[in-house]
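Presented below is the structure to which this report refers.
All values below come from the heavy atoms of this structure, side chains included, with hydrogens, waters and symmetry mates left out. We name chains A, B, ... by the order of the sequence lines, and we start the count at 1 in each one. The structure displayed is predicted, hence computed values, not measured ones.
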Amino acid sequence: MSRLKRILDMGELAVTAECGPPKGADPDAILRKADLLSGKVDAINVTDNQTAIVRMSSLAACSLLLSRGLEPVLQVVVRDRNRIALQSDILGASAIGIKNILCLSGDHQSFGNQPQAMGVFDLDSIQLVQTVKNMRDQGTVLGGESLTKSPQLFIGAAANPFADPLELRVIRLAKKIRAGADFIQTQCVYNLQRFQEWMNMIRGKGLTEQVSILAGVTPLKSAGMARYMRDKVAGMDIPDEVITRIEGVPKGKQRKEGIQICVETIQRLKEMQGIKGFHVMAIEWEEAVGEIVERAGLLPRPSLNHDQRQFFYVV
Amino acid sequence: VITAEQKPIEEIRRMIEPYTRILLIGCGSCVAECAAGGEKETAILASALRMAAKMEGKTSVIHEKTVERQCVKDFILPLDECIDDYEAVLSLGCGAGVQAVAELFSHVPILPALNTEFIGETRDQGYWVENCTGCGDCMLYYFGGICPITRCAKQLLNGACGGSRDGKCEVNPEVPCAWQLIFERLSAFNALDRLEEIYPPKDWSKKQGLGPRKIIREDQQRQEV
């Protein structure tokens, strides 16, 4: 069973991190990153050709993580595969021991290094969630045909509380839950006020009782990165005070400040009712994750006893 | 309208290069509306090609003719009277027009002068926008008269994606987010409940399941006299 699911079921705050496969066929590149996260988080998201740039496949990189005894979350975007390929990969993922999936629409192909590619979008992310759920719980593929064995996957979806319109964000989250999402990983939180507003709305509708919300955080490396993310990355909301704060320290100390902001954000989020964990996306900066989770009081991670389904802490 | 734009003149000249007797055929319907292949554009292209041939010292014969609808057999049948006077036909019809002429006059090379673009609307003078994919199963009722398959960059049936900001699409900040528009229209009609429904995967067999689609209407068949 998914370790991530068991930790959430036990009422512990879960911690996940993100790991981007390399732009090459080198297995060590992903394993090096994964090793940095080992013991610091409960599961590791492996991105699926993020920003529409060709990289080692998420499924293969997840398999490499499994070989290290780590628990991956397979990210799957609907941009590159039709329903036949998606369902086939879901079966394959479960067969090799992947236990978590994150269903996404994916960054549009025009952003990446293959802008001439045909965007598939045969399913959307909500339909993918529903498809995985039906495969798991009904043992059927789209169209109703039975599987010989159901894939066992803990199903995740994304939510962006900062995109517009806010009311539609809430409607859409409810749809993702009805479609079958077990957990939600959010867009990076910098604008705590807007995030709180969204949390209040979804809690008011009882949605936080139906799904585990993992709040996304990303440490800023520099003021330049902060401005770039604000201006160029779709769906990102970085308030001026965050930019001013990181601009206010000398270049050599901006990484440290970025970690500090990230730790403070997690501490503020911990006080918000309904948050079940954190998703730390340290982009090409996996070294930072250990320090962030430690200083945020999220270490040690619970260790699960497989036989008795009890858990104890590794000290 | 079905919209199109003229190919670059160099590309057209490369295609007609082997021929000295060429007939340009314009179309008076959609491509006239979008100012790409109507009578006027056909005349302009013909004189540009004649001038270019003259400059090169070639003695090409380039004539032009515009039919009312190049994609309708009845309108192109009369070309039978003159088409054999030419070695090639340069069609300023949409892709359907080019192929209709090619089908009917299979012994003559038919060359396309246009790039066919999309099914859309003339929104203003010189301004056309795409708004229909021809999916074969119209869902405009559910989405307040705005087609997400055509107008959302990710074809989401359960949008919006996380990239919508200030009502604009992440792919092109000039373009409104289709889902923002859908949301606003459905709000205005108190029909936001339609967005709570999970729309299932689209049945694409209605568009591409059995190859090129055709419609045969029994009630429209020619009556025997």
Part of [X] lying under 4.5 Å from any heavy atom of chain B:
X: A/Arg172; answer: side chain
X: A/Arg169; answer: side chain
X: A/Leu104; answer: neither
X: A/Leu168; answer: both
X: A/Val120; answer: backbone
X: A/Gln109; answer: neither
X: A/Ala174; answer: neither

Measure across [X] and [Y] and return the closest heavy-atom pair with its distance rounded to 0.1 Å.
X: A/Ser105; Y: B/Cys161; result: OG-CB, 4.2 Å
X: A/Leu142; Y: B/Pro201; result: CD2-CG, 3.9 Å
X: B/Val171; Y: A/Ser110; result: CG1-OG, 3.6 Å
X: B/Leu157; Y: A/Asp124; result: N-OD2, 3.1 Å
X: A/Met236; Y: B/Arg165; result: O-NH1, 2.8 Å
X: B/Gly162; Y: A/Ala163; result: O-CB, 3.4 Å

Given 3.5 Å as the limit, does a donor-acceptor pair link the side chain of [X] with the main chain of [Y], or not?
X: A/Gln127; Y: B/Pro200; value: yes
X: B/Glu196; Y: A/Lys175; value: no
X: B/Lys154; Y: A/Gly106; value: yes
X: A/Asp164; Y: B/Ser164; value: no

Original post:
Is it the case that more than 12 heavy atoms not belonging to A/Gln193 sit under 6.0 Å from its CD atom?
Top reply: no
**OP:** Answer yes or no: are there more than 12 heavy-atom neighbours, outside B/Met51 itself, under 6.0 Å from its atom CE?
**Re:** no
Taking the side chain as every heavy atom from C-beta outward, state whether [X] and [Y] have any pair of such atoms under 4.5 Å apart.
X: B/Gln180; Y: A/Pro165; value: yes
X: A/Arg83; Y: B/Trp204; value: yes
X: B/Leu192; Y: A/Glu167; value: yes
X: A/Asp122; Y: B/Gln155; value: no

Subject >> Heavy-atom proximity to chain A below 4.5 Å, by part of B/Glu184 >> reply: neither
Original post:
Given that the side chain runs from C-beta out, which part of B/Asp166 has a heavy atom under 4.5 Å from chain A: side chain, backbone, both or neither?
Top reply: both
Original post:
Which value, rounded to the nearest 0.5 Å, describes the distance between B/Cys169 atom SG and A/His108 atom NE2?
Top reply: 7.0 Å
**OP:** Kindly compute the distance separating CD1 (A/Ile171) from CG (B/Asp193), expressed to the nearest 0.5 Å.
**Re:** 9.5 Å
